Colleague: 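Can you read through this structure? Questions will come right after.
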Amino acid sequence: MNVRKYHPKDLNQVQSLFQKTFNQERSYELWDWKFKQNPKSDSPFILVWEENDTIKGHISLWVTEAYLSGEKSTIGLRVDTMVDPDARGKGIYKQLNEALLREASDEGIDYLYGFPAPKAKELFIRYTDAVHLTDMPRWMYVQRPVSVLASKFAPLKLFEPLDLVYAKWKNPYKPTSSSLHWKNIMECGPEFDDLAQETRHIAPALVVRDAAYLNWRYLSHPENEYEIHAVYHEEILQGYVVTKITTSSGFKNGLIVDMLANDEEIWEALLQKSFDVLKQTDVIQTWALAHTPLANHLKNNGFTHKDSPMPLVGKEINESLRFLNQSTKWYITPGDVDSY
């Protein structure tokens with residue numbers, strides 16, 4: 001067996017393997033945030049496959065807390081599974097995944113989930129008996145249709161002023177109740193712990209979105225810029241929404257990265273806040289499983305189901321959690337993926 005636990009001396013080789021496998025460089029600051037600053041994990045959960053002192057394979061988990069049937073448990077998000085393209089055919093992927101299950105069990109991790117690429121999904125299911133729960137629905141709201149078309153056909157840029165007319169006519173934003181007030185959050189405080197506890201039953205399975213998690217996941221990210229807007233009633237936190245804007249070749253994409261609320265009125269208020277915060281973007285996108293309150297409010301506000309590009313795959317480590325191998329048991333947002 002060539003699989004062993006990660007050692008700090010491996011980092012340069014891991015970074016080189018990442019660049020070779022995914023054809024992109026990753027900063028050391030991003031790696032450090034991803035694996036060492038995680039407030040829910042004492043040390044990086046990383047396994048490597050080594051031959052002749054050279055790392056040819058890598059598999060890792062984001063270890064965090066989740067509410068499973070309302071009780072805190074430990075789960076792992078599979079990230080950065082990679083095999084050197086020049087070393088394929090040696091059974092490296094199979095060995096890494098089999099070792100992952102053993103190590104996760106030894107460390108008290110109850111459930112694994114992930115969003116693998118098609119080939120990785122096929123192999124993960126084959127080697128671990130994992131379950132393809134669903135393909136994550138992506139929802140889109142088009143705010144500037146001419147700009148969207150012009151991003152693919154440049155001559156249409158001449159007609160972009162028509163988007164202003166369209167925006168005035170469409171204008172989805174509706175003011176929320178005057179009894180609610182908003183804060184732009186620079187650091188999440190103890191009230192976010194309370195909200196996480198109060199909303200733990202919105203699905204049988206969801207990540208614990210407490211202050212420590214949110215501060216790390218969004219406000220301490222070394223590269224991405226997020227905004228967190230929280231809504232209060234009489235100084236009691238009712239919910240929050242996390243947004244991000246990206247720009248490419250003049251095209252502005254607005255993303256609802258995460259959202260959590262304690263009742264229907266607040267889900268709606270958070271979505272309206274998203275329209276306000278992202279009003280300068282060409283489109284607004286997010287994920288939402290069909291059974292969730294968020295999906296209902298998206299549909300009611302003109303979002304359409306664009307596609308389902310990302311598979312959700314799960315594997316119970318604790319046998320009693322097989323009931324989670326159904327998409328209807330989960331609350332998932334883009335923030336549950338490391339790449340958003």
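The analysis underlying the following values was restricted to heavy atoms, covering all of them including side chains, and did not include hydrogens, waters or symmetry mates. Note that the structure is predicted; figures quoted are calculated from it, not measured.
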Colleague: Under the side chain to side chain donor-acceptor pair (under 3.5 Å) definition, can you give me all pairs with a residue in residues 195-204, not counting sequence neighbours?
Modeller: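 Every pair satisfying side chain to side chain donor-acceptor pair (under 3.5 Å) with a residue in residues 195-204: Tyr67-Gln197.
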
Colleague: Taking atom CD1 of Ile46 and atom CZ of Phe35, what is their separation to the nearest 0.5 Å?
Modeller: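 CZ of Phe35 is found 4.5 Å from CD1 of Ile46.
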
Colleague: Can you confirm whether or not the ring centre of Phe124 sits under 6.0 Å from the ring centre of Tyr93?
Modeller: no

Colleague: Return the OG to OH distance between Ser179 and Tyr232, rounded to the nearest 0.5 Å.
Modeller: 15.5 Å

Colleague: Do the side chains of Tyr213 and Lys40 get nearer than 4.5 Å, heavy atoms only?
Modeller: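 With C-beta onward as the side chain, the pair touches.
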
Colleague: Any salt bridge between Arg26 and Glu223, counting N to O under 4.0 Å?
Modeller: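 Looking at Glu223 together with Arg26, the answer is no, because their closest N to O distance does not fall below 4.0 Å.
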
Colleague: Does the side chain of Glu316 reach to within under 4.5 Å of the side chain of Leu324, using non-hydrogen atoms?
Modeller: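 Not in contact.
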
Colleague: Compare all side-chain heavy atoms of Leu133 with those of Gln326 and state whether any distance is below 4.5 angstrom.
Modeller: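 Side chain of Leu133 against side chain of Gln326, heavy atoms only: no contact under 4.5 Å found.
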
Colleague: Using a strict threshold of under 4.0 Å (side-chain N to carboxylate O), is an ion pair present between Lys56 and Asp86?
Modeller: no

Colleague: What residues, two or more places apart in sequence or in another chain, satisfy ring pair (Phe, Tyr, Trp, His ring centres under 6.0 Å) together with Tyr28?
Modeller: none

Colleague: Please work out which of the three classes, parallel, tilted or perpendicular, describes the rings of Phe192 and Tyr240, given edges at 30° and 60°.
Modeller: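 Tilted: the ring planes of Tyr240 and Phe192 meet at 30° to 60°.
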
Colleague: Please report, to 0.1 Å, the donor-acceptor pairs under 3.5 Å made by any side chain of residues 331-340, with sequence neighbours excluded.
Modeller:
residue : atom : partner : partner atom : Å
Tyr331  : OH   : Met259  : O            : 2.5
Thr333  : OG1  : Arg209  : NH2          : 3.2
Thr333  : OG1  : Val257  : O            : 3.2
Thr333  : OG1  : Asp258  : OD1          : 3.1
Thr333  : OG1  : Gly335  : N            : 3.4
Asp336  : OD2  : Arg209  : NH2          : 3.1
Asp336  : OD2  : Thr333  : N            : 2.8
Asp338  : OD2  : Lys34   : NZ           : 2.7

Colleague: Can you confirm whether or not the ring centre of Trp49 sits under 6.0 Å from the ring centre of His58?
Modeller: no

Colleague: Tyr113 and Trp62: aromatic ring centres closer than 6.0 Å?
Modeller: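 Centroid distance Tyr113-Trp62: not below 6.0 Å, so no.
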
Colleague: Mark yes or no for whether Thr281, through its side chain, and Leu278, through its backbone, hold a donor-acceptor pair below 3.5 Å.
Modeller: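 Confirmed, Thr281 side chain pairs with Leu278 backbone.
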
Colleague: Quick one, Trp330 and Leu206 - any side-chain contact, counting heavy atoms below 4.5 Å?
Modeller: no

Colleague: Is any side-chain heavy atom of Glu265 closer than 4.5 Å to one of Leu180?
Modeller: yes

Colleague: Taking the side chain as every heavy atom from C-beta outward, state whether Lys90 and Glu51 have any atom pair closer than 4.5 Å.
Modeller: yes

Colleague: Test the Lys273-Trp182 pair against the cation-pi criterion, namely NZ or CZ under 6.0 angstrom from the six-membered ring centroid and within 45° of the ring axis.
Modeller: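 Because its charged atom sits under 6.0 Å from the ring centre and within 45° of the axis, Lys273 does stack over Trp182.
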
Colleague: Salt bridge check: are Arg138 and Asp307 linked by an N-O gap of less than 4.0 Å?
Modeller: yes

Colleague: Please tell me if the side chains of Val79 and Leu61 come closer than 4.5 Å, counting only heavy atoms from C-beta onward.
Modeller: no

Colleague: Would you say the ring centroid of Trp287 lies under 6.0 angstrom from that of Phe303?
Modeller: no

